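The structure presented is a predicted model; accordingly, all values stated were derived computationally and were not measured. Letters A, B, ... are given to chains in the order of the sequence lines, protein chains preceding strands, and every chain is numbered from 1. Just so you know, these numbers use all the heavy atoms, side chains as well, and skip hydrogens, waters and symmetry mates.
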Protein chains: 2
Amino acid sequence: MKKLPSPHRPRSIAPIPYVEGVDYDVMDELVGYSLRRAQVAMYLAFHEATRGLGITPPRFTALVLVGANPGITQSLLGEALGMARSNAKTLADWMETAGLAERRARVDDGRAWGLHLTPRGARLVERMKKRVLAEDRRRSARLGAADRAKLLALLRKLAG
Amino acid sequence: MKKLPSPHRPRSIAPIPYVEGVDYDVMDELVGYSLRRAQVAMYLAFHEATRGLGITPPRFTALVLVGANPGITQSLLGEALGMARSNAKTLADWMETAGLAERRARVDDGRAWGLHLTPRGARLVERMKKRVLAEDRRRSARLGAADRAKLLALLRKLAG
DNA sequence: GGCCGATTGTAATGGCCTATAACAATCACC
DNA sequence: GGTGATTGTTATAGGCCATTACAATCGGCC
């Protein structure tokens with residue numbers, strides 16, 4: 001089994017602390033900053049679920065999207081991820097190098113590649129989806145089920 | 001008046017779209033991913049409020065913290081920002097180069113610098129705080145005041 | 001059928017964010 | 001006074017993301 005590219009230390013491993021004696025001024029009134037803090041905290045869940053796999057959040061999202069949309073184009077993947085085509089290519093290169101996905105020529109369009117998970121990629125994605133979801137629930141369990149749902153609704157409204 | 005370092009294009013300017021026909025699979029059940037989407041959306045507020053100033057979220061936070069904690073140490077700043085000392089130094093270098101803050105020797109500790117806003121930095125921070133807060137409120141106004149407060153509470157609980 | 005604008009992938013470039021490791025100067029404490 | 005911890009610094013590295021420019025291809029229109 002081919003080894004995945006090295007993990008690298010993807011992001012900070014600890015939540016952003018509230019340092020004793022430091023005045024945070026206006027920061028805590030900002031939804032944007034509060035989102036950032038919460039996101040760093042939730043990243044711990046992601047990190048826990050994917051440790052040692054060399055997976056990062058964008059890579060995970062890309063793999064999930066390729067899995068759920070076989071044959072998806074790099075351009076469309078980039079659009080769905082909210083990034084430029086050129087960066088979606090970088091992700092596709094990574095997926096291919098890691099042996100998790102492959103590019104197949106499309107009969108309907110000579111310009112575009114269709115991205116498909118390899119069997120190994122599909123297995124990995126299935127396993128990761130379960131683990132990431134489980135850790136995400138575990139970390140957010142402190143809110144309680146009702147508030148967790150409420151939070152998701154509020155975030156959706158904010159992002160929409 | 002010295003010119004600030006060039007803006008650079010800090011981050012995506014548009015929210016992450018839900019692309020028609022793309023299956024997002026498990027992503028929307030994840031609090032982590034929903035946070036990411038909301039954060040990108042709220043970044044628009046930040047971008048609007050600081051356009052053309054070469055300010056990024058970490059830079060803004062650093063400036064606010066230095067303003068609210070005059071004489072703060074680089075190490076402490078880094079800790080409060082949740083980043084390594086070495087990166088706090090990079091921020092301090094930037095602030096100094098931009099003429100927004102200065103390092104002063106500390107009588108109580110020969111190793112450490114004390115960071116202080118310059119008069120110009122203080123003026124800029126005051127103006128930015130007002131604008132960032134206003135835009136943040138404006139963007140999150142779609143939630144309504146009650147739900148905005150609820151969201152902040154949930155995020156705090158999640159991050160804590 | 002042929003031209004032209006739009007789209008796709010690619011390549012090159014550059015900036016920011018963030019982490020680690022190693023080092024010298026200084027501090028704190030025994 | 002010596003030893004371990006802390007501070008700032010420097011070097012290094014990787015990921016994320018945007019822009020620009022280019023060739024190949026597609027699509028539509030004349």
[atom1] of [X] versus [atom2] of [N]: gap in Å, rounded?
X      : N      : atom1 : atom2 : result
A:D93  : D:dG15 : CG    : C1'   : 15 Å
B:L91  : C:dA19 : CG    : C1'   : 14 Å
B:R36  : D:dG15 : CZ    : P     : 17 Å
B:H47  : D:dA18 : NE2   : P     : 11 Å
B:Q39  : C:dC17 : CD    : P     : 13 Å
A:L81  : D:dG15 : CG    : C1'   : 15 Å
A:D108 : D:dC26 : CG    : P     : 9 Å
A:N87  : C:dA12 : CG    : P     : 15 Å

Find which nucleotide of DNA chain D each of A:P58 and A:V107 is nearest to by heavy atoms, and output the residue with the more 5' nucleotide.
A:P58
Looking at B:A98, is its backbone amide N or carbonyl O close enough to the side chain of B:R120 to form a donor-acceptor pair, meaning the two atoms are under 3.5 Å apart?
yes
For A:R103, is there any backbone N or O sitting under 3.5 Å from a side-chain donor or acceptor partner on A:E96?
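Yes: the side chain of A:E96 pairs with the backbone of A:R103.
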Give the nucleotide from the list C:dC16, C:dT18, D:dG15 with an atom nearest to the side chain of B:R59.
C:dC16
Nearest to side-chain heavy atoms of B:S86, which nucleotide of D:dA11, D:dT20, C:dT18:
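So the side chain of B:S86 is nearest to D:dA11.
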For B:N69 and A:D25: C-alpha separation, side-chain torsions, deciding distance, then whether side chain to side chain contact (heavy atoms under 4.5 Å, CB included) applies.
CA-CA 9 Å; B:N69 305 272; A:D25 197 357; over 6 Å; no
Each nucleotide in nucleotides 2-9 of chain C should get exactly one letter: B, S or -. Can you fill that in based on protein heavy atoms under 4.0 Å?
----BBBB
Heavy-atom check, side chain of A:M42 versus side chain of A:D136, under 4.5 Å
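Yes - at least one pair of side-chain heavy atoms lies under 4.5 Å apart.
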Show me, pair by pair, the donor-acceptor contacts under 3.5 angstrom made by side chains of residues 77-86 of chain A, not counting sequence neighbours?
none

Begin from the C-alpha positions of A:R139 and A:F46 and carry the test side chain to side chain contact (heavy atoms under 4.5 Å, CB included) through to its verdict.
CA-CA 10 Å; A:R139 285 266 164 190; A:F46 181 84; over 6 Å; no
Is the CZ atom of B:R156 crowded by more than 12 outside heavy atoms at less than 6.0 Å?
yes
